[in-house]
2 protein chains.
Amino acid sequence: MRNYAHPDLADVTIEHALHALSDPVRLDIVRQLDRAGEASCAALDGGRPKSSMSHHFRVLRSAGLVHTRIAGVQHMNTLRREEVDKRFPGLLDAVLGVKG
Amino acid sequence: MRNYAHPDLADVTIEHALHALSDPVRLDIVRQLDRAGEASCAALDGGRPKSSMSHHFRVLRSAGLVHTRIAGVQHMNTLRREEVDKRFPGLLDAVLGVKG
DNA sequence: TTGATAGTTCGTATATAATCGAACTATAGG
DNA sequence: CCTATAGTTCGATTATATACGAACTATCAA
């Protein structure tokens, strides 16, 4: 794998984004990326198997929420904050702002 | 069925709400209720079978998004706008504001 | 009380998603 | 080249959702 394809946000539906965010593991990833700014897959696995994490990162990428950059042996992930904010104004603020 | 139980919004997780909103049929229902203010189940079915609609309304109610009031033979639905806005500030604005 | 209407519940079929081990790929360092 | 590390892909299993016909319940009106 040389690098990832990241969808144009214009091609991502709100349903797709909401589905990606509705899983607790993925929501946790998104929250951590929001704080950390950038993190490898392993840094966010919380003890879960690599293949499960790989699946969740793929879903997050396909929903346009996460960008993954290959840096040597690590895959570094970031939230596509600005683009998502442009496509779905207020969505991430709302989702990340919730307590409990 | 005499009347429905509607959950306290405090007991609804953001994951639950996002999941309820991530289905196209339900999102359509929510959009229509946002415009119409109140509507019967039949008014929103778009030709789909009653049992399918009943399922989607149940999911929307369990996620705290929709209130259903029995009025004679009809079940009238409304968005629980204020309560949802209090629990998840900005979420409905973001979801309902999206075009495309 | 009969019939019509609105919606639920049940049961089942089907589709979609989550989980995770095992084998694989790619990169870096010794 | 060998090995360790990070992550992917595959495949199977299991869980969760959706879809919807059929039978049922509740209300209203004639």
Side-chain angles (χ1 to χ4, degrees), chain A residues 1-7 12-30 32-33 36 38-78, chain B residues 1-7 12-30 32-33 36 38-78:
Chain A
M1 172 137 298
R2 211 136 296 247
N3 54 19
Y4 292 94
H6 294 95
V12 175
T13 63
I14 183 79
E15 290 93 332
H16 194 166
L18 292 170
H19 169 258
L21 290 167
S22 72
D23 178 273
V25 176
R26 290 192 292 266
L27 188 52
D28 190 54
I29 292 172
V30 168
Q32 292 196 68
L33 289 178
E38 189 175 48
S40 68
C41 300
L44 304 176
D45 68 9
R48 271 172 282 267
K50 299 196 290 178
S51 54
S52 297
M53 295 309 286
S54 199
H55 162 71
H56 287 301
F57 277 107
R58 186 154 41 81
V59 173
L60 287 169
R61 276 192 301 269
S62 81
L65 299 173
V66 164
H67 180 270
T68 307
R69 159 180 86 82
I70 298 184
V73 85
Q74 298 189 116
H75 298 199
M76 300 302 289
N77 304 282
T78 48
Chain B
M1 173 137 297
R2 210 134 299 246
N3 53 20
Y4 292 94
H6 293 96
V12 175
T13 63
I14 182 78
E15 289 93 332
H16 194 166
L18 292 170
H19 170 257
L21 292 167
S22 73
D23 177 273
V25 177
R26 289 192 292 266
L27 187 52
D28 190 54
I29 291 172
V30 168
Q32 293 197 67
L33 288 178
E38 188 175 46
S40 69
C41 300
L44 304 176
D45 68 8
R48 270 172 282 267
K50 298 197 290 179
S51 54
S52 297
M53 294 310 286
S54 199
H55 161 71
H56 287 301
F57 278 108
R58 185 155 42 82
V59 173
L60 287 169
R61 276 192 300 269
S62 81
L65 299 173
V66 164
H67 180 272
T68 306
R69 159 180 86 83
I70 298 184
V73 85
Q74 298 189 117
H75 297 199
M76 300 303 289
N77 305 282
T78 47

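Order of the sequence lines sets the chain letters (A, B, ...), proteins ahead of strands, with each chain counted from 1. Keep in mind that this is a model prediction, so the values were computed, not measured.
Looking at S54(A), its side chain has no donor and acceptor atom pair within 3.5 Å of the base of dG7(D).
The distance from atom CD1 of I29(A) to atom C1' of dG7(D) is 13 Å, rounded to the nearest whole Å. We find that NZ of K50(A) is positioned 11 Å from C1' of dC24(C), with the value rounded to whole Å. A straight line from NE2 of H75(A) to P of dA26(C) spans 10 Å, rounded to a whole angstrom. Per the geometry, CE belonging to M53(A) stands 14 Å off P belonging to dG21(C), to the nearest Å. Atoms CG (N77(B)) and C1' (dA6(C)) sit 12 Å apart, rounded to a whole Å. When rounded to the nearest whole Å, the span between CZ of R58(B) and P of dT18(D) equals 10 Å. Between D45(B) atom CG and dA19(D) atom P there is a gap of 13 Å when expressed in whole angstrom units. Rounded to whole angstrom, the span from the CG atom of N3(A) across to the C1' atom of dT27(C) amounts to 15 Å.
Between the CD atom in E38(A) and the NE2 atom in H67(A) there is a gap of 9.5 Å [rounded to 0.5 Å]. With rounding to the nearest 0.5 angstrom, the CD atom of E15(B) is 10.0 Å from the CG atom of L21(A).
Side-chain contact between H19(B) and R26(B): present, with at least one pair of heavy atoms (C-beta onward) separated by less than 4.5 Å.
Between H75(A) and Y4(A), the distance from one ring center to the other falls under 6.0 angstrom.
In this model, the phosphate group of dG21(C) is not approached by any side-chain N or O of R48(A) to a distance below 4.0 Å at OP1 or OP2. In this model, the phosphate group of dG21(D) is not approached by any side-chain N or O of S51(B) to a distance below 4.0 Å at OP1 or OP2. Here H55(B) reaches the OP1 or OP2 of dT18(D): one of its side-chain N or O atoms lies under 4.0 Å away. Of the side-chain N and O atoms in Y4(A), none sit less than 4.0 angstrom from OP1 or OP2 of dG7(D). In this model, the phosphate group of dA6(D) is not approached by any side-chain N or O of S40(A) to a distance below 4.0 Å at OP1 or OP2.
Here the side chain of V73(A) is nearest to one of dA18(C), dT5(D), dG21(C), namely dT5(D). The listed nucleotides are dT18(D), dG7(D), dA19(D); the one nearest the side chain of S52(B) is dA19(D).
Not a single donor-acceptor pair under 3.5 Å links the side chain of R48(B) to the backbone N or O of M53(B).
With DNA chain C read from its 5' end, the first of the two nearest nucleotides for H56(A) and G72(A) is the one closest to H56(A). Along DNA chain C, the nucleotide nearest A71(A) and the nucleotide nearest R26(A) are compared for position; the residue whose nucleotide lies closer to the 5' end is R26(A).
When heavy atoms are screened at a 4.0 angstrom cut-off, R61(A) is found touching the sugar-phosphate backbone but no base atom.
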